[in-house]
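The block underneath contains the structure these notes are about, expressed in structure tokens.
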There are 2 protein chains.
Amino acid sequence: MPQQQKLSAMSKCEQCIVREFSALKALNKDELIRMSECKTAKTIKKGAVIFEEGQHVNGVFCIKDGVCKMTKLSPNGKEQIVKLVKKGELLGQRSMISDEPANLSAVALEDMQVCFVPKSDLIGFFNQNNKFSMNMMKSICGDLKDADDLMVDMALKTVKERLAHTLIYLADTLGTNPDQTLKLQLSREELASMIGTATESCIRLLSEFKKLGYIELSGKNISISNKKALQAVANH
Amino acid sequence: MPQQQKLSAMSKCEQCIVREFSALKALNKDELIRMSECKTAKTIKKGAVIFEEGQHVNGVFCIKDGVCKMTKLSPNGKEQIVKLVKKGELLGQRSMISDEPANLSAVALEDMQVCFVPKSDLIGFFNQNNKFSMNMMKSICGDLKDADDLMVDMALKTVKERLAHTLIYLADTLGTNPDQTLKLQLSREELASMIGTATESCIRLLSEFKKLGYIELSGKNISISNKKALQAVANH
DNA sequence: ATAATAATATGATATTTATCATATAAAGTC
DNA sequence: GACTTTATATGATAAATATCATATTATTAT
């Protein structure tokens with residue numbers, strides 16, 4: 001039963017690649033074995049909601065595979081993508097640590113494999129492993145820096161600059177396929193809601209970049225053909 | 001020598017009001033006494049730079065009195081105010097915890113009284129007092145939530161909405177004088193750089209709010225005369 | 001396959017916001 | 001106090017962006 005075997009291997013945190021990333025890398029073998037026992041593995045289909053703004057999460061999701069978007073709804077019903085979270089990263093820490101309902105919704109952009117670790121168990125690790133707490137704090141500090149930077153970009157950069165920047169970010173952070181297209185496929189609406197603009201404006205600027213020879217478009221696939229030029233747009 | 005006495009009282013963390021706010025409230029009397037010995041009290045004049053983007057801070061400033069702005073310079077030289085930090089709050093934690101140069105500059109908006117606590121001493125408190133670490137983490141999580149929310153506001157709200165929101169925020173968070181004017185006096189340029197717009201646009205919208213009877217202006221003094229109306233503008 | 005639906009694309013126009021110009025008022029400086 | 005500089009204010013205009021309309025192309029469902 002190779003299928004069964006695979007599932008059994010999957011369930012051991014001490015053998016999971018994800019343990020080498022995020023704050024989890026501070027956990028020792030014993031702690032990882034303990035985590036194996038308290039975690040719940042889940043498969044999440046593309047488009048499914050992992051948790052929603054306002055919901056109590058009460059634990060952390062550890063992303064083994066896939067990417068999700070963190071979004072917030074404005075009073076007038078528009079959705080803003082605040083950040084993307086990918087393989088190797090954690091989800092829901094802020095809400096868990098603050099003991100507050102989630103501030104953002106998490107929605108899968110691809111099929112995902114995640115493990116849920118309940119708060120009670122994590123608090124145990126916090127108390128007995130200082131390096132783990134410290135790592136978690138550093139990781140949240142990184143998120144804070146990113147959020148501040150993004151806020152400044154929103155305030156000071158034009159939509160065109162933000163689109164150029166976002167395309168480079170998508171290529172650098174989430175990678176490209178052998179044919180150079182971005183691995184993560186976003187709808188134009190999603191791309192627009194990452195950069196904070198109307199879908200039509202986003203489409204128009206993509207067309208413009210295409211005409212200038214900076215990118216290529218075919219359906220949902222986007223590839224960067226002149227990264228230097230895009231970078232120049234992004235930085236001024 | 002009442003003056004001398006006052007100074008001596010000021011130097012004891014265990015008697016400082018600020019200890020009741022921020023993550024410091026988790027420290028016990030012994031720890032506060034220890035902190036008194038390692039801290040350095042400083043007076044900072046309005047307009048003075050506390051630390052600058054890119055600088056290594058290597059500790060935390062504890063604000064006993066006054067307000068400062070945290071700013072970031074864009075590549076094209078424009079300054080964005082990312083947040084205000086006031087009495088009772090800490091300054092420089094993110095940079096210290098991440099072990100990175102400061103991401104933002106801190107500039108006094110009023111005369112300030114602050115105490116600097118070196119990193120080495122704080123790390124000691126982190127290691128021996130779990131509640132302190134946890135409080136610090138919660139406080140940074142709060143900052144992260146604020147940053148995310150601000151980012152969404154920048155992306156989805158108009159300049160008018162952001163100005164209305166900011167005026168209410170200034171009144172609620174930093175208070176008003178007996179004559180109803182906002183306690184914190186910002187230049188039009190600073191107000192504009194909080195909401196992420198051109199100074200002229202900010203001035204124009206202030207005039208508009210004045211004409212509508214929402215606010216009153218006299219020099220640098222701003223007072224809110226119709227909070228409900230402003231709130232309505234801010235929320236839609 | 002074909003119809004129905006949703007996503008992408010592009011034009012026309014309105015709105016918002018920035019920029020440039022200039023006037024007035026306030027605050028520092030000698 | 002007169003002068004200089006800086007901040008505030010407002011008009012005129014340009015640029016950026018949103019909105020509405022409509023076509024075209026993909027996707028999905030039957």
Side-chain angles (χ1 to χ4, degrees), chain A residues 45-47 74-81 109 153-167 181-182 184-212 215-223 233-234 236, chain B residues 45-47 74-81 109 153-167 181-182 184-212 215-223 233-234 236:
Chain A
K45 285 260 169 245
K46 177 174 173 170
S74 81
N76 60 68
K78 271 194 185 173
E79 174 187 291
Q80 175 67 20
I81 297 182
L109 289 174
D153 280 356
M154 285 291 174
L156 298 179
K157 287 190 170 171
T158 63
V159 174
K160 194 186 287 187
E161 289 164 354
R162 267 140 54 200
L163 175 59
H165 181 266
T166 300
L167 291 174
T181 57
L182 297 180
L184 182 70
Q185 286 198 350
L186 293 171
S187 69
R188 301 293 191 257
E189 193 179 2
E190 283 169 330
L191 192 53
S193 109
M194 274 192 81
I195 66 180
T197 191
T199 307
E200 297 95 318
S201 301
C202 174
I203 290 173
R204 243 181 272 275
L205 289 169
L206 283 174
S207 300
E208 191 183 326
F209 285 164
K210 184 185 173 183
K211 269 178 203 146
L212 290 165
I215 63 172
E216 270 166 73
L217 301 172
S218 86
K220 273 200 173 32
N221 287 314
I222 302 176
S223 60
V233 171
H236 193 264
Chain B
K45 285 258 168 248
K46 176 174 174 171
S74 81
N76 60 67
K78 271 195 183 170
E79 174 186 291
Q80 175 66 22
I81 296 182
L109 289 173
D153 281 356
M154 285 291 173
L156 297 179
K157 289 189 169 171
T158 64
V159 173
K160 193 186 287 186
E161 288 163 354
R162 267 141 53 201
L163 175 60
H165 181 265
T166 301
L167 291 173
T181 57
L182 298 180
L184 181 70
Q185 286 198 350
L186 293 171
S187 69
R188 301 293 190 257
E189 193 179 2
E190 283 170 329
L191 192 53
S193 108
M194 274 192 81
I195 65 180
T197 192
T199 308
E200 297 96 318
S201 302
C202 175
I203 290 173
R204 244 180 272 274
L205 288 169
L206 283 173
S207 300
E208 191 183 326
F209 284 164
K210 184 185 174 182
K211 269 178 202 145
L212 288 165
I215 62 174
E216 270 166 73
L217 301 172
S218 87
K220 272 198 173 32
N221 287 315
I222 301 176
S223 60
V233 171
H236 194 265

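Below, read A as the first sequence line, B as the second, and so on, with proteins coming before strands; counting in each chain starts at 1.
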Protein-nucleotide distance (B:I222, atom CD1; D:dA9, atom C1'), rounded to Å: 14 Å
Listed once per pair and sorted, the salt bridge (charged side-chain N to carboxylate O under 4.0 Å, His left out) pairs that draw on residues 189-198 of chain A, sequence neighbours left out: A:K69-A:E190
Atom CD of A:E216 with >12 non-hydrogen neighbours under 6.0 angstrom: no
Distance (rounded to the nearest 0.5 Å) between A:R162 CZ and A:K157 NZ: 10.0 Å
N or O in side chain of A:T197 less than 4.0 angstrom from D:dA18 OP1/OP2: yes
Rounded distance in Å - CD1 (B:I203) to C1' (D:dT6): 12 Å
Value in whole Å for how far the P atom of D:dA18 lies from CG of A:L163: 12 Å
Residue closer to the 5' end of DNA chain C, A:L206 versus A:A155 (nearest nucleotide): A:L206
Test applied, side-chain contact (heavy atoms from CB on, under 4.5 Å); reference residue, B:L163; option that passes from B:V233, B:T158, B:I195: B:I195
Which residues share a side chain to side chain contact (heavy atoms under 4.5 Å, CB included) with A:T181, sequence neighbours left out: A:N177, A:D179, A:N221, A:S223
Toward the 5' end of DNA chain D, by each residue's nearest nucleotide, B:S207 or A:K160: B:S207
Which residues share a side chain to side chain contact (heavy atoms under 4.5 Å, CB included) with B:Q80, sequence neighbours left out: A:M151, A:V152, A:A155, A:L156, B:M154
Residues A:K160 and A:E208 bridged, charged N to O under 4.0 Å: yes
Spacing of B:L156 atom CG relative to D:dT17 atom P, expressed in whole Å: 15 Å
Sugar-phosphate, base or nothing in reach of B:K210, heavy atoms under 4.0 Å: nothing
Integer-rounded Å distance: D:dT13 C1' and B:E200 CD: 13 Å
Within the sub-3.5 Å range, which N or O atoms of nucleotides 24-26 of chain D have a protein N or O partner, and how far apart are they?
none

Bounds of contact between DNA chain C and chain B, in 5' to 3' order, using a heavy-atom cut-off under 4.0 Å: C:dT17 to C:dC20
Donor-acceptor pair present, A:R204 side chain and D:dT19 base, under 3.5 Å: yes
Watson-Crick or G-U stems of DNA chain D, 3 or more pairs, under 3.5 Å, by first number: C:1-30 with D:1-30
N/O donor-acceptor pair under 3.5 Å between A:R188 side chain and A:C202 backbone: no
